[in-house]
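Just follow the structure's listing: the first ligand is 1, and inside any ligand the first atom is 1. Nothing fancy with the numbering, it's 1 onward along the sequence. Any value given below was found using the heavy atoms of this structure, including those in side chains, with hydrogens, waters and symmetry copies removed.
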Amino acid sequence: MCGIVGYVGEQKAAPILLDGLGKLEYRGYDSAGIAVYDGKKIGMKKAKGRLKVLSELTHDGETLPGTLGIGHTRWATHGEPSDVNAHPHLNAEESIVVVHNGIIENYMKLKKKLIGRGYQFLSDTDTEVIVHLLDYYYNGNPLQTITKIMHRMEGSYALGIIFKDHPEELYAVRKDSPLIVGHAKSGCIIASDVPAVLKYTRDVYFIENEEIVRMKKDSMEFFTVDEEVIEKESVHIAWDVDAAEKGGYEHFMLKEMYEQPKAITDTFSPRLKGNTIEIEELNMSDEEIQSIRKLMIVACGSAYHAGVTAKYVLEGMARVPVEVDLASEYRYRDALIDEGTLIIIISQSGETADSLAALRESKQKGARVLGIVNVVGSSIAREADNVMYTWAGPEIAVATTKAYSCQLIALYLLAMKFAKVRGTITESELVQYIEDLKRIPDQVELLLNNKNRIQKFANRYLAARDVFFIGRGIDYAISLEGSLKLKEISYIHSEAYAAGELKHGTISLIEEGTLVAAVLTQENLYKKMLSNVVEVRTRGAFVLAVTNEGNDQVEKAADYVIYIPKTNQYFTNSLAIIPLQLFGYYISVGKGCDVDKPRNLAKSVTVE
Ligand code: G6P
């Protein structure tokens, strides 16, 4: 996720671009850049770090004259945050310049071809292929050239483009990444999101997939990929800037929950090639995968919970032993590692002090370390031997939702890959798992759209003192995360228990009216779970059950039932966690807590 802006008009472009980028910094903030065309030359400035570094460098835009320009605030995907990797990107002749939000999935293939044709690459980004492709196909007609490269690029993109020999035109195009355009008094403006344009106009056009826009200072034309003209209606935006940053959602947490379908797709789609799974960044031969004797997953917080799920998935599917450790424990327990051990460190931020220390401890012992990380170029990403990125984009709410969901997806992909290579699943099983994986985004969407029902239920429990989450197997892992979501943002005491363990102590805490959330997605454990539900209910508990569609029997045992769509036994966490996230969220909202910034917590815990 990055933020792009562009302007063509009568005013100086650079200050407008910087102002717009300031409103988009929530979309990425590791580097920024602007390019402005003054009629003679395309001037460009880029800088690693927050936007203010770029503002200082350009004296708030004063050093870049011109009334046509594009800008970008970056959330690194390909290539770590740096001045060269920052956007915009220019062709060698400095006659075409591009900003990009999204991921070009076939960029390696395109890059190879372009290198073969003599193009030189300065950055590690996928974006640079776009500007060289434009250069390669450019025939003096920007529209034609853009449609040509659209046919060649796979993945997602929102682009702002300037062609030097069309000094009064700004081009924009999108596919699977957001883009809006607005008509201001003095010109036209493009942006990834509404907050960047609100100062200039409240009437915006939402660009649809594969639509192209040509803007001049006083006109705006829309085209299809076949260069046919389209008529579009503008939409009036009533939100204030604060609400607009959250995309109209009340909190970043809710917005990020709603971003899960896209984040999940972004995480799996570059790694699915037909009916095979390719995780190039693993950099492991089949022989190396076969020779793994043990996996050790090390992480903190929700990332640890993703690891607990992964233990069941990896052991079940790929039949490889898995240990899961809290990083703060692992780093001091002198774990036994040999050359058959692969260490997996999971971290959204890539900066968590305990996880980083665990990584260093493992490397010192000679182990190979794979990082599953969201922030490109973060410490864990840099120091791990290999990195598999989750493509969740920046997460602002302290309580993680979309990054956790993407960690699960990365781990499923790993399990499927290992299982296939180690021969523990058949070709047809793999195909079925891939089908199930592809269905998750729509299923998550469906569950999110059921939010009113969960909100109503949550409102009845605002005064709860204790809540217990119970489950077995993967359902226990789901319970751990459901319980953490609730307690961290609502300040209600909650605990997750392996349901079979209840009778060894915790059941004494159940009294009349205690809320118990029971997760029953594992068919082989369903009957056992039903007994546990009955056990707590007969002691007075009020039971909320989360289970698979079709498990109607639970209606008799529980007080309130939420059904999740059908998937295979390994992927249920991705679905069952959605109502639990919503439950924690609505309790927090109902209690008037600071949802996005809960007390005493930090998004990135860089101290021990
Ligand atoms: C903090 C965050 C959690 C996160 C944990 C681990 O406690 O609030 O949401 O799960 O750190 O962070 P990491 O960045 O390593 O995933």
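When hydrogens are left out, the protein atom nearest atom 16 (O) of ligand 1 is Gln348 N, 2.6 Å; that is the closest non-hydrogen contact. Atom 7 (O) of ligand 1 has its closest protein heavy atom at Val605 CG2, 3.9 Å. Among all non-hydrogen protein atoms, the one lying nearest atom 12 (O) of ligand 1 is Thr352 OG1, 3.3 Å. At the top of the distance list for atom 4 (C) of ligand 1, counting protein heavy atoms only, stands Ser302 N, 4.2 Å. Shortest contact from atom 6 (C) of ligand 1 to any protein heavy atom: Cys300 O, 3.4 Å. The protein heavy-atom contact nearest to atom 8 (O) of ligand 1 is Ala602 O, 3.3 Å. Among all non-hydrogen protein atoms, the one lying nearest atom 3 (C) of ligand 1 is Val398 O, 4.4 Å.
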Atom pairs and distances, side-chain donor-acceptor, residues 441-449, under 3.5 Å, sequence neighbours left out:
from: Gln443; atom 1: NE2; to: Lys566; atom 2: O; distance (Å): 2.9
from: Asn449; atom 1: ND2; to: Glu445; atom 2: O; distance (Å): 3.3

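With ring centers used as reference points, Tyr412 lies under 6.0 Å from Phe571.
Screening Glu281, Glu280, Glu105 for a salt bridge (Lys or Arg N to Asp or Glu O under 4.0 Å) with Arg271, the sole residue that qualifies is Glu281. Of the residues Glu128, Arg74, Lys46, the one that meets the side chain to side chain contact (heavy atoms under 4.5 Å, CB included) test with Asn85 is Arg74.
For ligand 1, the polar-atom distance check finds an N/O of Ser347 within less than 3.5 Å of one of the ligand's N/O atoms.
No donor-acceptor distance shorter than 3.5 angstrom exists from the side chain of Lys255 to the backbone of Lys246, with no hydrogens or angles considered. Between the Lys294 side chain and the Leu336 main chain, a donor and an acceptor come within less than 3.5 Å of each other.
Using a 3.5 Å distance cut-off with no hydrogens or angles, the side chains of Gln260 and Thr401 do not pair a donor with an acceptor.
Close approach of ligand 1 to Thr400 is summarised as follows: ligand atoms under 4.0 Å from at least one heavy atom of the residue are 9 (O).
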